[in-house]
Amino acid sequence: MLDIRFVRENADAVKAAMANRNAKVDVDAVLELDSRRRVIVAEAEELKAERNRISKSIGQMIKEGQNAETIKAQVRDMGDKIAAFDDELRDIDAKLRDALLYIPNMPSATTPVGKDEKDNPVVRSWGEKKTFDFAPVAHWDLGAALGLFDLERGAKIAGSGFPLFTGKGAKLERALIQFMLDLHTEEHGYTEIAPPFMCNETAMTGTGQLPKFAEDMYAVPLDGLYPIPTAEVPVTNMYGNEILTQELPICHTAYTPCFRREAGSAGKDTRGLLRVHQFDKVELVKFTTPETSAEEHEKLTLDAERVLQKLGLHYRVIELCTGDLGFSAAKCYDIELWAPAQDKWLEVSSCSNFHDYQARRANIRYRNEDGKPAFVHTINGSGVALPRLVIAIMENNQNADGTIDLPEAIQPYMGGLKKLG
RNA sequence: GGAAAGGUGGCUGAGUGGCUUAAGGCGAUGGAUUGCUAAUCCGUUGUACUGCAAUAGCGGUACCGGGGGUUCGAAUCCCCCCCUUUCCGCCA
């Protein structure tokens with residue numbers, strides 16, 4: 001969430017930023033609530049100060065044996081007025097907070113201005129497109145033929161979009177997870193977290209999924225819980241309402257399944273593993289000072305890229321322009337893998353710097369050089385998401401005979417297996 | 001699911017309606033003393049919002065797990081909820 005003081009003092013900049021995002025935000029309504037709130041606060045507090053003074057003197061009078069009934073009645077009336085102010089204040093506070101929760105983050109000064117995904121610049125790429133002397137087969141056909149997954153049976157028990165992996169396909173999931181966790185913990189300095197796979201409303205609000213994106217999530221209303229759409233939610237909110245005393249940056253990696261309703265995307269990329277309701281992901285999360293967040297963001301992105309380099313997969317990094325930037329992000333790089341049978345780039349990681357936006361929502365602070373509490377910057381990115389990684393491995397490494405070569409880096413995790421099929 | 005005991009500042013731990021502006025201790029920090037260290041002594045020590053000054057300052061309000069209530073006045077009394085611990089039951 002944005003700092004209301006920032007909005008108050010930079011209203012024009014906020015409006016311009018929202019326009020660049022194509023976000024419909026009524027900044028003036030927020031400013032109006034804010035100024036109304038401050039009037040009420042001033043009046044209510046003045047009354048309270050007076051009541052406190054008189055109450056104290058009542059205590060004194062009673063001790064001296066004087067009758068205080070008249071003055072008590074007066075203060076009782078004051079109490080009614082105060083209650084009325086407090087009621088209005090509660091109401092305005094709720095409205096203001098709600099309004100602020102629906103305002104997306106300010107894009108970073110370095111984020112390119114653009115209208116939509118067509119304006120996202122390519123930052124760099126690694127490797128080259130593989131050439132085939134046969135027509136590459138789509139992963140869904142390869143997977144079915146090799147018995148790596150059984151999407152029909154997954155659909156039978158849960159619905160379409162809930163993949164069911166079998167045999168070596170299931171083992172490949174487990175192997176990739178372990179490979180990535182080992183890489184990030186042993187070579188990149190992240191501490192592993194195994195968090196809850198469900199979070200409450202407070203946590204979901206802290207990272208920005210709620211209240212705006214309730215429809216994108218599964219929910220367990222009976223218990224007030226939501227299956228997590230990403231490990232970002234538990235791993236960021238684990239420090240909610242804390243003043244961190246650890247040395248920054250704090251770097252965490254976590255494997256979790258992710259659950260997404262993908263509301264509004266029905267009918268798009270539905271085949272195979274392209275877009276599913278449940279998938280596995282290894283996430284990277286950092287908590288930094290404002291001074292180092294830009295640098296740590298770059299490093300985190302490189303850490304995610306290392307996964308793909310080690311697996312020998314051709315990828316590119318694009319930077320999201322203001323019009324395509326996610327709700328909570330100030331700056332974001334997407335990493336995309338090349339999938340030859342799809343003839344498409346597939347997003348496997350979004351590495352975002354949220355500045356203090358999530359930290360303010362979740363109330364995560366540290367002590368700055370003056371020893372004063374200040375909001376941390378949060379950064380996270382997938383390192384990386386499994387389904388499209390699996391797609392890329394399958395489609396890029398397929399042979400004419402329908403077998404799939406396993407990248408060397410993953411072979412130790414597959415019990416030395418070099419090839420599927 | 002049942003029962004009991006708890007939740008107070010960075011930590012520990014007092015506090016059952018007004019002298020609490022949350023005691024005392026520890027820690028932290030500034031200073032004095034000291035050849036250095038230790039010890040000792042003196043001072044400081046939270047968060048948020050808000051008003052005025054607009055850099056350091058001065059005032060107000062709120063905050064003792066969360067939310068309601070009683071009262072002129074609540075850390076303290078009442079109600080609901082959450083969490084922790086222990087015991088019982090159920091369970092992988």
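Every chain is numbered from 1, with letters handed out A, B, ... down the list of sequences. Not measured: the values here are computed from a predicted model.
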Between atom [atom1] in [X] and atom [atom2] in [N], what is the gap in whole Å?
| X | N | atom1 | atom2 | answer |
| --- | --- | --- | --- | --- |
| Lys372(A) | U45(B) | NZ | C1' | 10 Å |
| Glu201(A) | G66(B) | CD | P | 18 Å |
| Leu225(A) | C82(B) | CG | C1' | 13 Å |
| Leu96(A) | U50(B) | CG | C1' | 14 Å |
| Leu47(A) | U50(B) | CG | P | 19 Å |
| Arg53(A) | U21(B) | CZ | C1' | 16 Å |
| Asn363(A) | C63(B) | CG | P | 18 Å |
| Asn241(A) | G66(B) | CG | P | 11 Å |

field: Criterion salt bridge (charged side-chain N to carboxylate O under 4.0 Å, His left out) on Arg275(A) and Glu262(A), from CA distance to verdict
entry: CA-CA 8 Å; Arg275(A) 181 181 294 271; Glu262(A) 300 286 359; 3.2 Å; yes
Protein-nucleic acid N or O pairs under 3.5 Å, nucleotides 73-77 of chain B:
unit_1: G73(B); atom_1: O4'; unit_2: Ser55(A); atom_2: OG; d: 3.3

What contact category does [X] fall into here, base, sugar-phosphate, or nothing, at under 4.0 angstrom with non-hydrogen atoms?
| X | answer |
| --- | --- |
| Arg8(A) | sugar-phosphate |
| Ala42(A) | nothing |
| Arg90(A) | sugar-phosphate |
| Ile58(A) | base |

Which nucleotide, in any strand shown, forms a Watson-Crick or G-U wobble pair with [N], with both distances under 3.5 Å?
| N | value |
| --- | --- |
| G1(B) | C88(B) |
| C52(B) | G57(B) |
| A74(B) | none |
| G30(B) | C42(B) |
| G6(B) | C83(B) |
| C11(B) | G25(B) |
| U47(B) | A62(B) |
| U37(B) | none |

message: Please verify the inter-ring angle class for Trp345(A) with Trp338(A); under 30° counts as parallel, over 60° as perpendicular, anything in between as tilted.
response: perpendicular
- prompt: Which class fits the ring pair His188(A) and Tyr190(A): parallel under 30°, tilted 30 to 60°, perpendicular over 60°?
  reply: perpendicular
Please state the [atom1] separation for the pair [N] and [M] - nearest whole angstrom.
| N | M | atom1 | answer |
| --- | --- | --- | --- |
| A4(B) | G59(B) | P | 49 Å |
| C77(B) | C58(B) | P | 36 Å |
| G2(B) | G9(B) | C1' | 36 Å |
| G30(B) | G65(B) | C1' | 35 Å |
| C64(B) | G46(B) | C1' | 12 Å |
| U8(B) | U12(B) | C1' | 11 Å |
| G10(B) | A23(B) | P | 14 Å |
| G17(B) | A3(B) | P | 29 Å |

Ile62(A), nearest nucleotide to its side chain (from G18(B), U47(B), C49(B)): G18(B)
- prompt: When you measure from the side chain of Lys48(A), which nucleotide among U61(B), C72(B), U47(B) comes out closest?
  reply: U61(B)
- request: Considering only NZ, NE, NH1 and NH2 on the basic side and carboxylate oxygens on the acidic side, decide whether Asp216(A) and Arg260(A) come within less than 4.0 Å.
  value: no
Check ion pair Glu336(A)-Lys344(A) (N to O, under 4.0 angstrom): no
Taking only distance into account, with no hydrogens and no angle test, what donor-acceptor pairs under 3.5 Å do side-chain atoms of residues 409-421 of chain A form with protein atoms, sequence neighbours excluded?
unit_1: Gln411(A); atom_1: NE2; unit_2: Leu406(A); atom_2: O; d: 3.0
unit_1: Tyr413(A); atom_1: OH; unit_2: Asp182(A); atom_2: OD2; d: 2.7

message: Can you tell me if Arg38(A) touches the phosphate of C49(B), counting only side-chain N or O atoms and a distance under 4.0 Å to OP1 or OP2?
response: no
message: Taking 4.0 Å as the cut-off, does a side-chain nitrogen or oxygen of Arg37(A) come that near to OP1 or OP2 on U50(B)?
response: yes
field: Residues which pass side chain to side chain contact (heavy atoms under 4.5 Å, CB included) with Glu298(A), listed by chain and number, not counting sequence neighbours
entry: Lys331(A), Tyr333(A)
- request: Between Glu50(A) and Ile4(A), just flag the one whose closest nucleotide in RNA chain B comes earlier from the 5' side.
  value: Ile4(A)
query: Which residue lies toward the 5' end of RNA chain B, Asp34(A) or Ile243(A), if each is placed at its nearest nucleotide?
result: Ile243(A)
query: Are the aromatic ring centres of Tyr218(A) and Tyr226(A) under 6.0 angstrom apart?
result: no
message: In this structure, is the centre-to-centre distance between the rings of His277(A) and Phe162(A) below 6.0 Å?
response: yes
- prompt: Do Glu347(A) and Ser350(A) get their side chains close enough for a donor-acceptor pair, meaning under 3.5 Å?
  reply: yes
